[in-house]
Amino acid sequence: MFEHLTGGRLPQSLFIGVPIAPIRSQRYVQLNSKKTIVSLVASTSDPFAATASSSTDDNFGVFKLNYDVRNEDQRLLQKLWKTTIRVAISGAAGNISNHLLFMLASGGVFGMDQPISFQLLGSQESQRKLEGVAMELEDSLYPLLREVRIGTDPYTLFKNADWVILLGAHPRTPGITRAELLDINGQIFREQGRALDAVAARDCKVLVVGNPCNTNALICMENAPRLPRRNFHALTRLDENRAKCQLALRARRFYTSLSRVTVWGNHSTTLVPDFLNARIAGEPAMDVIGDDTWFREDFTPTVANRGGAITQLNGRSSAASTAVSIADALKSLVTPTPQGDCFSSAVCTDGNPYGLAEGLIFSMPCRSKGDGQYEIVDDFLIDEWLDEKIMASEAELLKERGCVSHLIPNAPPAACEITQDTMLPGES
Ligand SMILES: NC(=O)C1=CN([C@@H]2O[C@H](COP(=O)(O)OP(=O)(O)OC[C@H]3O[C@@H](n4cnc5c(N)ncnc54)[C@H](OP(=O)(O)O)[C@@H]3O)[C@@H](O)[C@H]2O)C=CC1
Ligand SMILES: O=C([O-])CC(=O)C(=O)O
């Protein structure tokens, strides 16, 4: 389509990206009598640096095409270009991915001025499906989407990744216990952790969604010692969103009036939606709603079992709302958290302010300056009821860690003591 712009004659380092019509940017310049985006193209000091080190040859389809920027006004480019970010996604042919990819490519998460590259990991079984996904991305003509690679090797697909979203996991099928699922998926996440350790960008942020996500994230983190432990997250934002929805319904106030709503613990039916610290229009949610029994006997189990209720109705687990919550979780790390608010993410408990056992991936209230990092909010009140619930979820995660000790380098051998077969939220 744009061969006339590249002509195949210029050195690779002089090409950048794939601005594909129709144009959706607000800022255009004229190039070869076609309108071409510049506000969405990347650079810091060297406008050609963004793709100079990477070949486009291994890209999918239309994403092999390049845009010759040599005729552009260099001063303009210096101001406007951002470096392309690389986002790797496993299980990329699955249901959640089918929503998430299009949200990311549209600029709704990392920003409308942030070029993005996808590195999509599937398996031999999903290879054809993954090609179909890549073809739909081609046809969507996203100006921000500069590269798409697909394949089955995590060492190739995680290379130089800045963000990694791990969706691919073996589903819990009838007859598989939670302990068996931990082992099956643990092996996948050990391998992926090793791959991240070997090839991902040094400050890469990893969000694990595939279940059981807290312990999968733990295994991944323990097998990637080169990456900072604090960069690993397991998704509990969906649980927070579900809690906010229930509070909004009960209080008859729109979602936007809610703040300091967090969930603690494991993404399982032991998760703890925190109503003690939640605020509605700045007031304690418990005062606004005024019904303690509802919080304990209705709100808490409803949030924990919401996934199961949806699975029963849809015949499959939540995919669209999970994708939205992944987008929310990522946005919370790249946008400053509003004053007095927080977001939930399951992160490493090392050095946590709540006395939780170290070396777990546990959902806690976090806040961010918008630089990709976060801190754990340390002023949440914990009463006896909340403490008991949090301890039950902690005990579950300690047992899960025991069951996967063989997948964690240098961990002392431990027995797998899961006796009570607790559920994922989507199974309950
Ligand atoms: N944390 C949370 O809040 C939530 C987590 N989830 C979890 O997210 C994950 C993805 O959900 P969804 O997209 O709906 O699921 P899908 O089944 O649609 O897709 C998941 C992908 O996992 C991969 N997969 C399946 N079996 C295996 C296996 N044995 N080994 C490796 N990979 C496998 C497949 O990809 P391929 O063949 O390409 O490898 C498949 O495309 C699930 O684990 C689900 O339980 C879901 C909702 C909420
Ligand atoms: O169990 C599942 O796969 C889905 C899930 O986690 C949820 O809905 O919260």
Side-chain angles (χ1 to χ4, degrees), residues 88-101 119-134 150-154 157 165-174 176 178 180-192 195 206-218 220 232-243 245 263 265-271 273 302-330 344-346 361 363 421-428:
I89 300 180
S90 75
N95 289 322
I96 297 172
S97 172
N98 201 29
H99 298 273
L100 179 65
L101 289 172
Q119 308 183 163
L120 307 180
L121 180 66
S123 64
Q124 295 298 343
E125 295 78 50
S126 66
Q127 187 63 27
R128 281 173 61 76
K129 241 176 144 182
L130 206 49
E131 275 181 40
V133 170
I150 61 174
T152 58
D153 175 18
L157 275 304
I165 302 156
L166 298 176
L167 304 171
H170 187 75
R172 178 147 170 205
T173 41
I176 297 186
R178 190 168 175 97
E180 286 164 342
L181 187 69
L182 281 163
D183 180 53
I184 296 169
N185 279 330
Q187 297 188 39
I188 296 169
F189 284 85
R190 174 175 62 179
E191 190 52 28
Q192 296 190 346
V206 182
L207 175 60
V208 177
V209 180
N211 277 317
C213 60
N214 296 55
T215 298
N216 289 340
L218 177 74
C220 200
F232 287 81
H233 300 253
L235 183 77
T236 52
R237 184 56 172 269
L238 177 60
D239 306 305
E240 177 190 314
N241 289 357
R242 288 168 171 167
C245 175
V263 293
N266 197 5
H267 179 68
S268 81
T269 44
T270 69
L271 70 89
T302 298
V303 174
N305 295 305
R306 180 77 166 177
I310 291 170
T311 304
Q312 275 185 10
L313 293 170
N314 279 349
R316 56 159 180 73
S317 58
S318 317
S321 58
T322 305
V324 170
S325 73
I326 295 169
D328 289 343
L330 299 172
S344 312
S345 190
I361 298 287
S363 185
D421 207 12
T422 59
M423 298 292 185
L424 298 170
E427 294 170 333
S428 50

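Each ligand, and each atom within it, is numbered from 1 in the order the structure gives.
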How far does [atom1] of [X] sit from [atom2] of [Y], to the nearest 0.5 angstrom?
{"X": "Cys220", "Y": "Leu166", "atom1": "SG", "atom2": "CG", "result": "5.5 Å"}
{"X": "Ile89", "Y": "Leu121", "atom1": "CD1", "atom2": "CG", "result": "10.5 Å"}
{"X": "Asp328", "Y": "Thr322", "atom1": "CG", "atom2": "OG1", "result": "11.5 Å"}
{"X": "Leu120", "Y": "Thr152", "atom1": "CG", "atom2": "OG1", "result": "12.5 Å"}
{"X": "Glu180", "Y": "His170", "atom1": "CD", "atom2": "NE2", "result": "10.0 Å"}
{"X": "Arg237", "Y": "Leu330", "atom1": "CZ", "atom2": "CG", "result": "10.0 Å"}

Check: residues 93-100 side-chain donor-acceptor pairs under 3.5 Å, at least two apart:
unit_1 : atom_1 : unit_2 : atom_2 : d
Ser97  : OG     : Ala92  : O      : 2.7

Hey, is [X] touching ligand 1 through its side chain, its backbone, both or neither, going by heavy atoms under 4.0 Å?
{"X": "Val209", "value": "both"}
{"X": "Glu125", "value": "neither"}
{"X": "Ser318", "value": "backbone"}
{"X": "Ile96", "value": "both"}
{"X": "Cys213", "value": "side chain"}

Would Ser97 count as being in polar contact with ligand 1, using the rule that some N or O on each side must be under 3.5 angstrom apart? no
Would you say Thr322 and ligand 1 have an N/O pair spaced under 3.5 Å apart? no
Contact atoms of ligand 1, heavy-atom distance to [X] under 4.0 Å:
{"X": "Ser126", "result": "36 (P), 37 (O), 38 (O)"}
{"X": "Gly210", "result": "8 (O), 9 (C), 43 (O)"}
{"X": "Leu238", "result": "3 (O), 48 (C)"}
{"X": "Ser123", "result": "36 (P), 37 (O), 38 (O), 39 (O)"}
{"X": "Leu167", "result": "9 (C), 10 (C)"}
{"X": "Gly122", "result": "38 (O)"}

Check Ala134 against Ile150 and note the closest heavy-atom contact, atom names and distance. CB-CG2, 4.2 Å
What are the two closest non-hydrogen atoms of Ala234 and Ile361, and how far apart are they? CB-CG2, 3.9 Å
Quick one: does Arg306 get a heavy atom under 4.0 Å from ligand 2? no
Should Ile165 and Ile326 be marked as a side-chain contact (heavy atoms from CB on, under 4.5 Å) after you check the CA-CA gap, both sets of side-chain angles, and the distance that decides it? CA-CA 9 Å; Ile165 302 156; Ile326 295 169; 4.3 Å; yes
Which of the numbered atoms in ligand 2 are below 4.0 angstrom from a heavy atom of [X]?
{"X": "Gly307", "result": "8 (O)"}
{"X": "His267", "result": "5 (C), 6 (O), 7 (C), 9 (O)"}
{"X": "Arg242", "result": "7 (C), 8 (O), 9 (O)"}

Is any side-chain heavy atom of Ser318 less than 4.5 Å from a side-chain heavy atom of Arg242? yes
Taking side chain to side chain donor-acceptor pair (under 3.5 Å) as the definition, give me every residue that meets it alongside Glu125, ordered by chain and number, with sequence neighbours left out. Ser123
Nearest to [atom] by heavy atom, [options]: which?
{"atom": "atom 26 (N) of ligand 1", "options": "Gly91, Gly307, Ala169, Ser317", "result": "Ala169"}
{"atom": "atom 28 (C) of ligand 1", "options": "Lys129, His170, Gln124", "result": "His170"}
{"atom": "atom 30 (N) of ligand 1", "options": "Asp239, Ile188, Thr152", "result": "Ile188"}

Only one of Asp239, Thr215, Asn216 passes side-chain hydrogen bond (donor to acceptor under 3.5 Å, both in side chains) with His267, and that residue is Asp239
Check contact between Pro171 and ligand 1, using heavy atoms of the residue and a distance below 4.0 angstrom. yes
Say whether Asn211, considering both its backbone and side-chain N or O atoms, lies within less than 3.5 Å of an N or O atom on ligand 2. yes
